[in-house]
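Just so we're on the same page: letters track the sequence lines, and every chain starts at 1. Source: prediction; values computed, not measured. Because only heavy atoms are used, hydrogens play no part in the values below, and waters and symmetry mates are left out as well, while side chains stay in.
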Amino acid sequence: MIALRLLFFNLIKFTDLRNKFYQWIIFCQPLIFLTILYFMLKVNPAINIDKYIFAVGIISAWSFILYASGTALISEKWGGTFELILGSNTSLFRIVLTKSVCNSLIGLLNICLTILYAQIIYGFEIHTSNLILSISSLIVLIYSLISLGMVLAVLCSLFNNVFEYQNLMVFPFLILSGLFIPVNDLPLIFQPISYVIPMTWSIKSLYDSLIGIEFSYFYLLGGILISSFYFVLTYIFISKIELIFRKTNKIGVF
Amino acid sequence: MSSIIKVNNLYHEYTIKNNGKKEKKVALKGINFEVKQGEVFGLLGPNGAGKTTTIKILTTLLIPKNGNVTLLDKDILKSPGYIRKNINFMLGGERGIYNRLTPIEYLKYFSLLYKIKIPDNKLMELLELVGLEKNANEETIGFSKGMKQRLHIARVLINNPKIVFLDEPTIGLDPVISEEVRLIISRLSKKNITVILTTHYMQEADDLCDRIAIIDEGEIKIIGTPTFIKSTHSDVKFYEVTCSNLDEVGIFSVEEIRNLAIKTIEGGLKLIRFEYPVTSTIKEVQKEINQFCSIIKINIRDVTLEDAYIKLVR
């Protein structure tokens, strides 16, 4: 119950929708990409519009998660609250999890907003060959984004110039996860990296459910498994990092 | 009264980088002390003496290299969860506040982190205690340093702690706000909450603390009540003399006069401050000084905590 209240509190009070950058990502960025999509469709009416509408939503969701979850812990260090939350009765893992769930829910809102824009402003009609599988894939995608958000929160807390790294990560991650080009069409050297990214699996699963090609539960399950692996990995990493902070007096130091 | 904090042989060292080379710096050289329930215990010392390191270890934020520390009869390394539930702390300065939250939201957030459900009226009581009830629903972004410090004190009480650690709670505050914060701290001790206080303000420590430990270069130099600490340095009395026609060379040659300081004040007069052995009467001192100047005014004062502190850490 407390965990839910903590999540709700984070969602209501710590989601900074007054931040111009986040306003841009959530409300404006989908419009830009949907406009590009609109003209792409004019040039080539044969493209699968459903897939790319979701891709636009995922770009915004990923951008938000990358910046919001990526700065979740480092901003606590910057503000001098990191020591206070570490000294409290809630584990750092739970705090990071709450923040990451909260940011991924905003990511889901991004995707929903993109679909709304696509239908209302651009008049696109969205079809899915199997609604249940598409929703299931979307849920797994959110699950993947939560796990990835946690990894980002922890990793980015180790760097002072976190924004530089985040800027470098936005598009390579999207390309590697098969959002624009199928992973199988990427150079062989990159394909193993793609499958280490948890959202690669759920994106493939989502696209398959939209296009209507033979759906394989392998990707859906793969997404769940690899995301769960990231949760375990983050738990171990947070325990280690907390121990290092407590041993070296690096808490609150940046 | 039982000891609520027991520190035994506490040792800690850091690795620091000096010109690219890693060096070890000893922060605490095996310190020992105990704190009784309901006591206001002061940790005094110069910057880098080891005060904050001690506080961080006691609040479970830092794992010591060596030594034993028990709080509420629990070992800090074995039962950090239990200890965190029963203590709270504030680290000096205005950081540690979420600017977008109001004080009531800030307290609510920490009540969630401490896994306790507190009704709004209870939160308001905490804000009343620190005089922030009128600002309960204002964003803290516009708060002054003093308001932020007071909000920290309210936060510290959110989990009904048995021990609170206040690291320089009045740092950078104006005298009026500092006095208000001191009043709040003295109210805490009346509620039988054990307070561990670090400060650079000696008068504050003298007024608030039941006992004090003076720490320097990782070692405790003295521990005891403020009266005891002052009494250990009562072999001298402190004089302040306003005079004219001062023979500066001559006065410096007097063997009994120690720590002499001379300052020019209005009208070309001189103000001299010095220590003189307690065995001499004021008349004897006056006679001695009169050889080197014309005394206009002479004041004598007892040893303060600051005098004792300076002697100990100089």
Between atom [atom1] of [X] and atom [atom2] of [Y], what is the distance when rounded to the nearest 0.5 Å?
{"X": "T60(B)", "Y": "R246(A)", "atom1": "OG1", "atom2": "CZ", "value": "5.0 Å"}
{"X": "R94(A)", "Y": "L113(B)", "atom1": "CZ", "atom2": "CG", "value": "10.5 Å"}
{"X": "N89(A)", "Y": "I83(B)", "atom1": "CG", "atom2": "CD1", "value": "11.5 Å"}
{"X": "S88(A)", "Y": "Y109(B)", "atom1": "OG", "atom2": "OH", "value": "8.0 Å"}

Any donor-acceptor N/O pair, R5(A) side chain to L112(B) backbone, under 3.5 Å: no

Polar side-chain atom of R95(B) near backbone of K77(A) as donor-acceptor pair, under 3.5 Å: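 Yes: the side chain of R95(B) pairs with the backbone of K77(A).
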
Identify which part of [X] has an atom lying under 4.5 Å from any heavy atom of chain A, answering side chain, backbone, both or neither.
{"X": "Y14(B)", "result": "side chain"}
{"X": "L91(B)", "result": "side chain"}
{"X": "I57(B)", "result": "neither"}

Audit row: L84(A), R155(B), side chain to side chain contact (heavy atoms under 4.5 Å, CB included) steps and yes/no: CA-CA 10 Å; L84(A) 306 183; R155(B) 175 188 54 76; 3.5 Å; yes

Heavy-atom count check: over 12 atoms from other residues, nucleotides or ligands less than 6.0 Å from [X] [atom1]?
{"X": "I12(A)", "atom1": "CD1", "answer": "yes"}
{"X": "N19(A)", "atom1": "CG", "answer": "yes"}
{"X": "F8(A)", "atom1": "CZ", "answer": "no"}

Where L101(B) and K13(A) come nearest, the two heavy atoms and their spacing: CD2-CB, 3.6 Å

Heavy-atom side-chain proximity of F9(A) to K108(B) below 4.5 angstrom: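 Touching, per the 4.5 Å side-chain cut-off.
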
For chain B, the option from L243(A), T98(A), T90(A) that forms the most heavy-atom pairs under 4.5 Å: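 Max contact count across the listed options: T90(A).
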
Contact leader toward chain A among R100(B), K117(B), E105(B), K65(B), where contacts are heavy-atom pairs under 4.5 Å: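 Most heavy-atom pairs within the cutoff with chain A belong to R100(B).
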
Chain A contact residues among residues 127-150 of chain B, heavy-atom distance under 4.5 Å: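 Within residues 127-150 of chain B, the residues under 4.5 Å from chain A are E139(B).
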
